[in-house]
Amino acid sequence: MRRSLRSLLAATAVAALVLPLWGATAANAEPPGHSHADKHALRTQAPRDLAIGSAAWGQRDLVQYDRHAPTKYQQVLGAQFSSLTPENDMKWDAVHPAPNVYDFASADALVAFARANHQQVRGHTLLWHSQNPAWVTAASQTWTCDQARAVLEDHIRTVVGHFKGRIYEWDVANEIFQDTWDNGGVRLRTEANPFLKACAADPIALLEDAFRWAHEADPEAVLFLNDYNAEGINEKTDAYYALAQRMLADGVPLGGFGAQGHLSLLYGFDASIQANFERFAALGLQVAVTEADVRIPLQPGETGPTPEQVAVQAERYDAMLEACLNVTACSSFTVWGFPDANSWVPDVFPGEGWATIFEDDYTPKPAFTAMLESLRDATPGTSPRRG
Ligand code: 9MR
């Protein structure tokens, strides 16, 4: 819902007053400790069974968890969200630090937190060019395609198998296409991604098998392609659309397409996100916003944005959510962590920040309020998963 800045700020002030009353609630389950849905929680206001998620870093924030004495962060995470995505805990370097060594401690802590708070978990991620352990980077220099396939198959079967029945959506392949500005333009990352590189003669065969291995390890999980700059209809999403058609024609268990949703106020908003979701949905796929945040360029010396920037940020978050709400195949909407102090943005984009929906003292921002209202206004219906 588009609202004036004044009404957004007023509504946010009200939300700030009532939010401390939250308890852990679930969109589709009796909330632990509460018999009434919390009207100020994103998860309870979601229509159909749209999952409302946040990234969380188990190793940093969830390993220490006492459900009777949660930290403030854990209270908010449990109260507001019905889905968690491990921000780092299920990545290669975290779960597979050495050949034949798997370490699920922090990912298990995240899954345990989710279960205690009646939350679902999105798995992230199995095939990516980043955050691979040093042993993969080193070994991949001499891999044949068969060797790369064997390493990837073992990893996927082991990791997906470990979490079998506890993950509802897996980002099997993350950021596998280059951008328009990369050397060679939009094409599969057969240089940066060590697995695709080793199998550069036929990278799609490897990719398709990655989905097959994941499906065999957990037939219930919906398997996603996921990328950034993948919100609107553009050259990159055209490439994904063609890839998805090919995979489906080949009988691959591809189940969804995820647009990460990392936006910046330095750029305009591509309003074709809904049309983009609709074309993937027309293929029979689920769609999702998987990593939403909206970063703001901050003036040197300023830690906060202008009121106008705050309002535009709220509009952008809300526009992504509305695109999801308007497409029934949209199964989950996930923000990429909170509060601002936990955000990846300032490390990677110096001079930009304030990107999440909660301030560092957990005051909800106008973006939160806009999303809460849009969820309340949305038409109830059935989900793609329940058909
Ligand atoms: O938020 C994640 C950050 O903590 C890590 O340091 C970083 C490493 O690349 O990955 C971040 O998450 C990324 C996600 O896994 C894939 N899409 C882009 C996200 C932001 O970089």
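None of the values given here were measured: they were computed from a predicted structure.
Salt bridge Glu169/Arg122: present, at least one basic N to carboxylate O contact under 4.0 Å. Taking a cutoff of 4.0 Å between a charged side-chain nitrogen and a carboxylate oxygen, Glu153 and Arg157 qualify as a salt bridge. One finds no salt bridge joining Asp108 and Arg115 here, because no Lys/Arg side-chain nitrogen approaches an Asp/Glu carboxylate oxygen to under 4.0 Å.
Taking the six-membered ring for Trp, His155 and Trp128 have ring centres at least 6.0 Å apart. Ring centroids of Phe368 and Tyr317 are separated by 6.0 Å or more, keeping the two rings apart. For Tyr228 and Trp336, the gap between ring centers reaches or exceeds 6.0 Å. Here Trp92 and Phe195 bring their ring centres to under 6.0 angstrom of each other.
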Just distance, no hydrogens or angles: give the donor-acceptor pairs under 3.5 Å from side chains in residues 249-277, sequence neighbours left out.
| from | atom 1 | to | atom 2 | distance (Å) |
| --- | --- | --- | --- | --- |
| Asp250 | OD2 | Arg246 | NE | 3.0 |
| Gln260 | NE2 | Asn174 | OD1 | 3.1 |
| Gln260 | NE2 | Glu175 | OE2 | 3.0 |
| His262 | ND1 | Glu291 | O | 3.2 |
| His262 | ND1 | Asp293 | OD1 | 2.7 |
| His262 | ND1 | Asp293 | OD2 | 3.4 |
| His262 | NE2 | Glu291 | OE1 | 2.6 |
| Ser264 | OG | Leu266 | N | 3.0 |
| Ser264 | OG | Glu352 | OE1 | 2.8 |
| Asp270 | OD1 | Ser272 | N | 2.9 |
| Asp270 | OD1 | Ser272 | OG | 2.6 |
| Asp270 | OD2 | Ser272 | OG | 3.4 |
| Ser272 | OG | Ile233 | N | 2.8 |
| Gln274 | OE1 | Asn326 | ND2 | 3.0 |
| Gln274 | NE2 | Glu278 | OE2 | 3.1 |
| Asn276 | OD1 | Arg279 | NE | 2.9 |
| Asn276 | OD1 | Arg279 | NH2 | 3.2 |
| Asn276 | ND2 | Ala230 | O | 3.3 |
| Asn276 | ND2 | Glu231 | O | 3.0 |
| Asn276 | ND2 | Gly232 | O | 3.4 |

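Residues satisfying the side chain to side chain contact (heavy atoms under 4.5 Å, CB included) test with Ser106, not counting sequence neighbours, are Gln59, Val63, Asp89.
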Inset, instruction - Might you work through the side-chain contact (heavy atoms from CB on, under 4.5 Å) test for Val335 and Met371, ending with a clear yes or no? - result: CA-CA 11 Å; Val335 298; Met371 288 169 45; 4.2 Å; yes
Inset, instruction - Before giving the answer on ring pair (Phe, Tyr, Trp, His ring centres under 6.0 Å), spell out for Trp170 and His124 the whole-Å C-alpha distance, their side-chain angles and the decisive distance to 0.1 Å. - result: CA-CA 6 Å; Trp170 259 111; His124 177 85; 8.8 Å; no
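Under 3.5 Å, the side chains of Asn229 and Asp179 contain a donor-acceptor pair of N or O atoms. Counting only N and O atoms by type, the side chains of Thr137 and Asn132 include no donor and acceptor under 3.5 Å apart. In summary, the side chains of Asp154 and Tyr102 do present a donor paired with an acceptor at a separation below 3.5 Å, with no hydrogens or angles considered. Checked by atom type, the side-chain pair Tyr168/Ser331 shows no donor-acceptor distance below 3.5 Å. Donor-acceptor pairing under 3.5 Å is lacking for the side chains of Glu235 and Thr180. Asn234 and Thr237 form a side-chain donor-acceptor contact under 3.5 Å, judged by distance and modelled atom types alone.
Looking only at side-chain heavy atoms (C-beta outward), Val160 and Leu126 come within less than 4.5 Å of each other.
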